[in-house]
*Asks:* 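Here it is: the structure, laid out below.
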Amino acid sequence: MQRETIKIATDVLIIGAGSSGLWTAKHLKELDADLKVTMVDKSAADWGGLMTMSEGDFDAVTPDEHIDEWVQDLVYYWDGLCDQALMETLFKASYDRLCEYEKLGCRYIRKENGNPKGIPQRGLDHIKLCITEVKGTGGEDMRDSLNGEMKRLEVDRIGRVMITELLKENGHIIGAVGFNTRTGDFYQFDAKAVVICCGRGGWKTSYGKNTSTGEGLRLAYEAGAKLTNMEFGQVWNVPKLFSWEGQTILLPLGAKFVNAKGESFMDRYSPVLKGNTDPHYTTMAMALETRAGRGPIYFDTTGLKDEDRQYVQPTGGWQVLNHEKLKAIGIDFFKGRTEWQPQLFTSFGGVVADAYGRTCVDGLYAAGRSRFLDAGVYIGGFDLSTTSTSGYLAAEGVAQYLHDKGDSIVGAVPDDVINEKKSALEAEMDHNGIACKDVLRKIQEIIFPHSVCILKTEASLSTALTQLLQLKEEILPEMGAGDPHYLMKKKEVEAIMMVTEMFLRTSLERKETRGGHYRADYPTRNNDTWLGWLQLQKQNDNLTMTFAPVPIDTYKHPLERYYQDNFDFPVEG
């Protein structure tokens, strides 16, 4: 079947219509109103990404706080795997972004002195989460305000198009190709710079994470960019029967996790922090409690004070629907216990880039959750903060690149090469084979066991990698599409396969425990060998792995304490 070819020329192509993509586009047009900025997304052009599912709570260093203290908290929280200069730059931009949201109509609770009200996070000394006035629609308000800015600034937006490959000429990026996920039409974008603003890699789980599959990481990797932090996976604790948002606020206000005996089991593993800690440590304990026969695990909100419920009880959006449906069957989420379980959501891995989004590939930039920041643990409000600040700063990096390069950014891929790429995509979307969902399920069955994604060991990881490589060799090539929609699903599963393999290989390589990476057979930290980042890059069609030490001697803040020292987990063989 012959499909149309659509060619679009632009100055900057932004891949991803979520928070970081919107902020990149917004600031680019503010810097130069004459720039042609085009945003493309595999979903609807105005859907807003995972920001839409959030509460809207936001980490910002307020005028009465000190950025150095926030960075010191992260150095401690991330067990030393903190790019201090990068985080200082991002935090410096955080409060201005919060204020911009307020100017656009988003509302945050402020104290009598005018500064936002903050909820302390993870038992840290300084980092706090600024909370929205309206519970349940904060993310939707952010999305709507930024989409309004896209219309005002005349940013070109294209939805239902999946980018499958970046175009490269003489060492620099000059555009991308992809297809419409409904019509199958082929798209060719000519651009002077490309910014990847997609989500992380993931495994299409629940709770709004079904869109994060890693195709942005795959695009960057195939173009020669470096990826890092791939051994860190976001393992969250979630309600077993429904979705919810806000445990990062609920825990500091008195909620707790208990086992089947009603014991606040985190007291056993962390007498200092108890339950007010990162979900990755909680899920480690949940897995251990279940193994010991003390499951299932419950989230107990009976300890909340009446005056604090105003900060968490939803007043709009999807959470109100959840709350009303639960109450109709006799469950009051804020005054009872509900069963919860660990769930592997997404990878923490991302593209290596500087504070202004520059990667090692000329003309390729990254912002938001597609770039690396977290070291396997998470703070509430961190993503909404860093997607806005990294998008804002990436715009400055791109603008400077365009100014410096000027008319020297030229290049074109020959028509016959473009036609080959189109023909290959058309052949894929017209080919039937093994259903994408069946291949995905097999990947999930390999990666989801606690012994692989939470309580890692040499034996469990090696077995999983052997199974995955067999699946990659024997089953993945037989996966079919049959139409444009399922070609999108096929490309997602191919990216998930890549992310999974990188997760297993780097988890095997890092023989220590740090942040959210817990090796049960190497349960202690090893700074002599592993204080640094594992970086992956495609060279001569092969995956290469190198180690980049943390340049602690050049950083402002020394390593004096480690968050993982608050926990005592058993050693396994």
Side-chain angles (χ1 to χ4, degrees), residues 59 61 65-94 121-127 225-232 278 280 348-361 365-367 371-379 382 385-386 389-390 393-394 396-397 400 506-519 522-537 539 544-567:
D59 293 343
V61 185
E65 296 175 321
H66 300 285
I67 291 172
D68 277 353
E69 292 177 338
W70 277 54
V71 175
Q72 285 175 311
D73 270 2
L74 280 189
V75 173
Y76 160 59
Y77 187 52
W78 290 346
D79 292 336
L81 285 189
C82 178
D83 186 330
Q84 297 185 23
L86 169 62
M87 292 315 307
E88 181 176 334
T89 303
L90 292 177
F91 280 150
K92 281 180 179 178
S94 62
Q121 291 293 293
R122 313 306 193 217
L124 300 173
D125 294 330
H126 304 100
I127 292 180
K226 295 179 181 179
L227 307 181
T228 193
N229 274 9
M230 298 303 293
E231 66 268 41
F232 296 105
D278 179 79
H280 296 85
F348 274 119
V351 183
V352 177
D354 69 9
Y356 294 90
R358 288 180 286 252
T359 73
C360 63
V361 180
Y365 290 73
R371 59 166 301 155
F372 94 96
L373 291 173
D374 315 53
V377 288
Y378 178 73
I379 300 166
F382 185 79
S385 177
T386 55
T389 55
S390 66
L393 293 169
E396 297 194 347
Q400 187 64 52
T506 50
S507 292
L508 273 166
E509 185 71 13
R510 185 177 287 277
K511 295 178 173 60
E512 66 154 2
T513 289
R514 190 183 298 269
H517 169 73
Y518 177 40
R519 281 291 297 265
Y522 294 94
T524 57
R525 181 180 59 255
N526 181 350
N527 279 356
D528 292 339
T529 305
W530 294 113
L531 182 58
W533 297 278
L534 287 168
Q535 296 186 346
L536 306 180
Q537 189 175 27
Q539 294 181 339
T544 62
M545 189 184 305
T546 56
F547 185 74
V550 173
I552 194 64
D553 292 340
T554 68
Y555 280 161
K556 185 184 299 184
H557 308 295
L559 299 184
E560 296 176 332
R561 56 191 187 127
Y562 301 85
Y563 196 77
Q564 74 167 138
D565 290 345
N566 293 300
F567 301 90

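Note that the coordinates shown come from a computational prediction; the quantities given were computed from them, not determined experimentally. Excluded from the calculations below are hydrogen atoms, water molecules and symmetry mates; all remaining heavy atoms, backbone and side chain alike, are included.
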*Asks:* Report the C-alpha separation of Trp530 and Phe547 in whole Å, then their side-chain angles, then the decisive distance to 0.1 Å, and conclude whether the side-chain contact (heavy atoms from CB on, under 4.5 Å) test is met.
*Replies:* CA-CA 9 Å; Trp530 294 113; Phe547 185 74; 3.9 Å; yes
*Asks:* To the nearest 0.5 Å, how far apart are CG in Leu90 and OG1 in Thr386?
*Replies:* 7.0 Å
*Asks:* Hey, mind stepping through Phe91 and Glu69 against side-chain contact (heavy atoms from CB on, under 4.5 Å) and telling me if it holds?
*Replies:* CA-CA 11 Å; Phe91 280 150; Glu69 292 177 338; over 6 Å; no
*Asks:* Tell me the closest heavy-atom pair linking Gly532 and Leu81, and the distance in Å.
*Replies:* O-CD2, 3.3 Å
*Asks:* Which distance, rounded to the nearest 0.5 Å, do you find between the CD1 of Ile552 and the CG of Leu559?
*Replies:* 3.5 Å
*Asks:* Only one of Val75, Val71, Asp83 passes side chain to side chain contact (heavy atoms under 4.5 Å, CB included) with Tyr555; say which it is.
*Replies:* Asp83
*Asks:* Considering non-hydrogen atoms only, spot the tightest contact between Ala367 and Ala394 and give its length.
*Replies:* CB-CB, 4.0 Å
*Asks:* side-chain contact (heavy atoms from CB on, under 4.5 Å) between Leu86 and Arg371: does it pass, once the steps are laid out?
*Replies:* CA-CA 12 Å; Leu86 169 62; Arg371 59 166 301 155; 3.5 Å; yes
*Asks:* Below 4.5 Å, heavy atoms only, C-beta onward: do Leu373 and Met87 meet side chain to side chain?
*Replies:* yes
*Asks:* First locate atom OH of Tyr77, then atom CD1 of Ile127, and finally report the distance between them rounded to the nearest 0.5 Å.
*Replies:* 8.5 Å
*Asks:* Are the charged groups of Asp59 and Arg122 less than 4.0 angstrom apart, N to O?
*Replies:* no
*Asks:* What is the distance from atom NE2 of His557 to atom CG of Asp73, rounded to the nearest 0.5 Å?
*Replies:* 10.0 Å
*Asks:* What distance do Asp79 atom CG and Gln564 atom CD have between them, rounded to the nearest 0.5 Å?
*Replies:* 4.5 Å
*Asks:* Applying the side chain to side chain contact (heavy atoms under 4.5 Å, CB included) test to Ser507, which of His517, Met230, Arg519 qualifies?
*Replies:* His517
*Asks:* What I'd like to find out is whether the side chain of Asp125 reaches to under 4.5 Å of the side chain of Tyr76, using heavy atoms alone.
*Replies:* no
*Asks:* Shortest non-hydrogen contact from Val377 to Gly515?
*Replies:* CG1-C, 4.0 Å
*Asks:* Any donor-acceptor pair under 3.5 Å linking the side-chain atoms of Arg514 with those of Asn527?
*Replies:* yes
*Asks:* Between Trp533 and Pro549, what is the shortest heavy-atom contact and its length?
*Replies:* CZ3-O, 4.1 Å
*Asks:* Quick one: does Thr554's side chain have a donor or acceptor within less than 3.5 Å of a partner on Pro551's backbone?
*Replies:* yes
*Asks:* Output yes when Lys556 and Asp68 qualify as a salt bridge under the 4.0 Å nitrogen-oxygen rule, no when they do not.
*Replies:* yes
*Asks:* Going by the side chain to side chain contact (heavy atoms under 4.5 Å, CB included) test, name the single residue among Thr544, Thr506, Val352 that passes it with Leu536.
*Replies:* Thr506
*Asks:* For the side chain of Ser94 and the backbone of Val61, is there at least one donor-acceptor N/O pair under 3.5 Å apart?
*Replies:* yes
*Asks:* Are any of the side-chain heavy atoms of Phe567 and Thr513 separated by less than 4.5 Å?
*Replies:* no
*Asks:* Could you grab the distance from atom NZ of Lys226 to atom CG of Leu534, nearest 0.5 Å is fine?
*Replies:* 12.5 Å
*Asks:* Between Phe348 and Tyr378, does the side-chain contact (heavy atoms from CB on, under 4.5 Å) criterion hold? Intermediate values first, please.
*Replies:* CA-CA 9 Å; Phe348 274 119; Tyr378 178 73; 4.1 Å; yes
*Asks:* Grab the two heavy atoms, one from Ala355 and one from Leu393, that are nearest each other, plus how far apart they are.
*Replies:* O-CB, 3.4 Å
*Asks:* Centres of the His280 and Tyr563 rings: under 6.0 Å?
*Replies:* no
